[in-house]
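Read through the structure below, which is laid out as structure tokens, and then see the notes.
Because the structure is predicted, anything quoted here is derived from the model rather than measured. Here, residue 1 is the first one in the sequence, and each next residue gets the next number.
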Amino acid sequence: MLTWRWRKRADYQEGCRPLSYLMTPATICLGISFAEQVEKLKKHMAAIIVGVAAGTVCSLSSVAGMAYLFGMDRVMTISVLPKSVTTAIGVAISEQAGGKTRHLFSNT
């Protein structure tokens, strides 16, 4: 059975260390692959932009719809909207939009 518990920031960072260790080489490999395919990316830029835009709209719509179905208030909805981006960017987006994220990584 899974349980949800609030963690201290240090505990969270320690738990993520193995994942971060594995993500670095994967990110570098992805960058190399993109560099090798830059001409194809340029050729299909319009399709890529349309696909990213459509995915963004679908993601935001599904999160907003679920927040509405679950009866979340405005602050909570804003806090969960940037769910599909990396944590660092998502936290910044959420805070700038008026969401609350500080309590997730409190030191108490």
| query | Say you draw a straight line from CG of L22 to OG1 of T27; how long is it, rounded to the nearest 0.5 Å? | reply |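 Here the rounded value is 10.5 Å.
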
| How long is the span from the NE2 atom in H44 to the CD atom in Q37, to the nearest 0.5 Å? | 10.0 Å

Examine [X] and [Y] and state if one hydrophobic cluster contains both, with Ile, Leu, Val, Met, Phe, Trp and Tyr joined whenever side-chain heavy atoms are less than 4.5 Å apart.
| X | Y | result |
| --- | --- | --- |
| I28 | Y21 | no |
| I32 | L41 | no |
| V38 | V52 | no |

Pairs under 3.5 angstrom only: tabulate donor-acceptor contacts from the side chains of residues 60-74 to other protein residues two or more places apart or in another chain.
from, atom 1, to, atom 2, distance (Å)
S61, OG, V57, O, 2.7
S62, OG, C58, O, 3.2
S62, OG, S59, O, 2.9
D73, OD1, M76, N, 2.9

